[in-house]
Amino acid sequence: MLKSELLEIIANGENSGVEFKRDDLRPEQLAKEIVALANFQGGKLLLGVEDDGSISGIQRDGLETWVMDTVFGRYVHPMILPFYEEVEFDDGKRVAVISFTQGTAKPYVLRKDNREDIYVRVGSTSRLATREQQARLFESGGMLHSEVLPVSGSRLEDLDQSRLSDYLLNVIGDLTPPQSGEEWEQRLKGLGLMVGRPDGDPAVCTVAGLVLFGRSPRRSLRHAGVRWMSFAGTEKAYQAQDDTVLDGPLIALWEVRPGEGRTLVEDGLVERLSDRMRPFISEDSSEVNEGLRRDPHYRYPLDAVREAILNAFVHRDWTRSTEVEVVNYADRLEVISPGTLQNSMTVEKMLAGQRSARNPIIVEIMRDYGYVDARGMGVRRKIIPLTRLFSGKEADFDLTDDHLRVVIPARPAL
């Protein structure tokens, strides 16, 4: 690193990815900062720099060995391999720069006195993670799938048996459906849709089971479903054109009927949302077709909208207690999925076509029904090109620690 680059970093001060420290601190103090940064987006630790940005320089002999072997080797877990370098200034003072990227084996912990403490970065400070933050870190590291968490108060009767029977018999090929409640529970536990309880009480539904096949998931899981809103202007206003929360299973009900084949009998949540949205995202043509009807003109590419909504449903973070939100404005449609991207995924990786399922059970069952593309390339192959072709504008992807917002611009008025 050049001196000029380092001076610029120091001049900008501490932030979510930069921490200043003297080098006379205890190893666990330095490990705390490393763990917090690794659990966020990685960053740089500058040793030999005071909190106010003044350069005091390195004082400890054998600093690199101490950092690599003692701090990283004994106190930080799992292992992180940082890049260590020292920059010397004209007055002879040296600053150590320790750089590392966002960790992929989250959560990283500080091991000390037979304890493992998890720290997170909040602004320019490092703090102990809350229970909710810990859950998100475990999930992002692939150690927890929140879709298989038990939903307290739920039971077998909360699931739609007709939908389940269709799935077992006509989708995955069971020869006969379960014949008793005990058999149903056993079969659904094997699929990850229910989970047993160690106290011997009846099994309860998992998040996946309830959102896929639950009659009314929001009765037990308040952040299931979707909130739909439409506004006449370009911002949220007190008076909405439409504002509702829709509840119901993601999976539609199908039946195999003689002479008709597989027939849609009852909509799922995706279809219900589409029907609710349609009057607000379309307008009748000024021309009459051959059937003396006016064909609707849609303000957005429907395949791109469907893809964005499905992605929000199947990839959302169930440790967040908010619904998926779909909002229509005069100039755009926004689809908001709770939670940041999973497993160190970034918007750039997503746009490039990388795939990483947060909720594999939900994804696979939605794929079984044809809701989700088998290739998992909907963003790259649908949302981006269809939006560009339809409106002449680019879809926007806004990622925060709390949500992923997909913005689809409206087509110019005809």
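When reading the values below, keep in mind they use all heavy atoms of this one structure, side chains included, and skip hydrogens, waters and symmetry mates. Start at 1 with the first residue, then count along the sequence.
The residues Arg94 and Glu88 are annotated as not salt-bridged, no charged nitrogen and carboxylate oxygen being separated by less than 4.0 angstrom. A salt bridge does not link Arg306 with Asp303: none of the charged nitrogens is closer than 4.0 Å to a carboxylate oxygen. Arg219 has no carboxylate O lying under 4.0 Å from a charged side-chain N of Asp158, or vice versa, which leaves the two without a salt bridge. Ion pair Asp117/Arg115 flagged as a salt bridge, since at least one NZ, NE, NH1 or NH2 atom sits closer than 4.0 Å to an Asp/Glu carboxylate oxygen. Between Arg332 and Asp396 there is no salt bridge, since no side-chain N of the basic residue sits under 4.0 Å from a carboxylate O of the acidic one. Salt bridge Lys44/Glu5: absent, no basic N to carboxylate O contact under 4.0 Å. Arg227 has no carboxylate O lying under 4.0 Å from a charged side-chain N of Glu323, or vice versa, which leaves the two without a salt bridge. The residues Glu266 and Arg163 are annotated as salt-bridged, a charged nitrogen and a carboxylate oxygen being separated by less than 4.0 angstrom.
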Assess whether side-chain contact (heavy atoms from CB on, under 4.5 Å) is satisfied between Asn359 and Val314, documenting all intermediate values.
CA-CA 7 Å; Asn359 305 303; Val314 303; 5.9 Å; no
CA sep, side-chain torsions, deciding dist, call: Asp90, Lys3, salt bridge (Lys or Arg N to Asp or Glu O under 4.0 Å)
CA-CA 10 Å; Asp90 295 338; Lys3 287 187 291 185; 2.9 Å; yes
Could you please spell out the steps behind the side-chain contact (heavy atoms from CB on, under 4.5 Å) verdict for Arg388 and Glu394?
CA-CA 5 Å; Arg388 184 183 298 145; Glu394 299 293 331; 2.7 Å; yes
Determine, stepwise, if the pair Asp317 / Arg358 fulfils side-chain contact (heavy atoms from CB on, under 4.5 Å).
CA-CA 8 Å; Asp317 180 355; Arg358 170 183 274 122; 3.8 Å; yes
Can you list the steps and then say if Arg381 with Glu307 is a salt bridge (Lys or Arg N to Asp or Glu O under 4.0 Å)?
CA-CA 10 Å; Arg381 297 192 178 185; Glu307 187 69 24; over 6 Å; no
Kindly determine whether Phe40 and Asp401 satisfy side-chain contact (heavy atoms from CB on, under 4.5 Å), including the steps that lead there.
CA-CA 10 Å; Phe40 186 50; Asp401 290 340; 3.8 Å; yes
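A heavy-atom distance below 4.5 Å is found between the side chains of Leu46 and Leu6. Side-chain contact check for Ile98 versus Ile34: every heavy-atom pair is 4.5 Å or farther apart. In this structure, the side chains of Leu404 and Leu341 come closer than 4.5 Å at one or more pairs of heavy atoms. Residues Pro178 and Leu168 are in side-chain contact: their nearest non-hydrogen atoms beyond the backbone lie under 4.5 Å apart. Counting only heavy atoms from C-beta outward, the side chains of Arg187 and Leu164 never approach each other to under 4.5 Å. Here the side chains of Val171 and Arg262 are in contact, with some heavy-atom distance below 4.5 Å. The shortest distance between side-chain heavy atoms of Leu156 and Met194 falls below 4.5 Å. Met277 has its side chain within reach of Ile309: a pair of non-hydrogen atoms, C-beta onward, lies under 4.5 Å apart.
Pairs passing the ring pair (Phe, Tyr, Trp, His ring centres under 6.0 Å) check and including a residue from residues 209-234, sequence neighbours excluded, read Tyr167-Phe213, His223-Trp318, Phe231-Tyr329.
Put simply, the residue from Asp52, Thr125, Asp51 that forms a side chain to side chain contact (heavy atoms under 4.5 Å, CB included) with Glu14 is Asp51. Evaluated for a side chain to side chain contact (heavy atoms under 4.5 Å, CB included) with Trp66, the options Asp61, Asp23, Leu30 yield exactly one hit, Leu30. Of the listed residues (Glu283, Arg278, Arg411), just one forms a side-chain hydrogen bond (donor to acceptor under 3.5 Å, both in side chains) with Tyr298, and that residue is Arg278. Exactly one residue among Val335, Val406, Ile383 makes a side chain to side chain contact (heavy atoms under 4.5 Å, CB included) with Asn311. That residue is Ile383.
Here the CG-CZ distance, from Asp402 to Arg320, works out to 5.0 Å after rounding to the nearest 0.5 Å. For the atom pair OG (Ser165) and CD (Glu255), the distance works out to 10.5 Å, reported to the nearest 0.5 Å. The CZ atom of Arg26 sits 7.5 Å away from atom NZ of Lys112, with the distance rounded to the nearest 0.5 Å. In this structure, CD on Gln133 lies 10.0 Å from CG on Asn39, to the nearest 0.5 angstrom. Atom CG of Leu250 sits about 11.5 Å away from atom OH of Tyr369, to the nearest 0.5 Å. Once rounded to the nearest 0.5 Å, the distance linking OH of Tyr119 with CG of Leu110 reads 5.5 Å.
A distance-only check finds a donor-acceptor pair linking the side chain of Glu147 to the backbone of Ile361 [under 3.5 Å]. The backbone N or O of Leu351 sits less than 3.5 Å from a side-chain atom of Arg380, completing a donor-acceptor pair. Arg272 contributes no side-chain N or O that, together with a main-chain N or O of Gly268, makes up a donor-acceptor pair within less than 3.5 Å. Looking only at distances, no side-chain donor or acceptor of Ser282 sits under 3.5 Å from a matching main-chain atom of His297. Side-chain atoms of Gln179 never come within 3.5 Å of backbone atoms of Thr176 as a donor-acceptor pair (strictly under, hydrogens ignored). Under the 3.5 Å distance criterion, the side-chain polar atoms of Ser16 are left unmatched by any main-chain donor or acceptor of Ser124. Listed for the Ser154 side chain is a donor-acceptor partner under 3.5 Å among the backbone atoms of Cys205. Between the side chain of Arg60 and the backbone N or O of Arg22, no donor-acceptor pair lies under 3.5 Å.
Taking both residues in full, the closest heavy atoms of Ile408 and Thr387 are given as CG2-OG1, 3.8 Å, listed atom of the first, atom of the second, then distance. A pairwise comparison of heavy atoms in Thr319 and Ser146 identifies CG2-CB, 4.0 Å as the closest pair. Minimum interatomic distance between Pro301 and Phe390 (heavy atoms only, all atoms of both residues): CD-CD2, 3.5 Å. Scanning both residues, Tyr75 and Thr70, for their nearest heavy atoms gives CD1-O, 3.3 Å. Pro338 approaches Thr322 most closely through the heavy-atom pair CG-O, 3.4 Å. Looking at every heavy atom in both residues, Ile58 comes nearest to Ala96 through CD1-N, 3.6 Å.
Within 6.0 Å of CD in Glu85 there are more than 12 heavy atoms belonging to other residues, nucleotides or ligands. The environment of CD in Gln186 is sparse: at most 12 heavy-atom neighbours from other residues, nucleotides or ligands sit within 6.0 Å.
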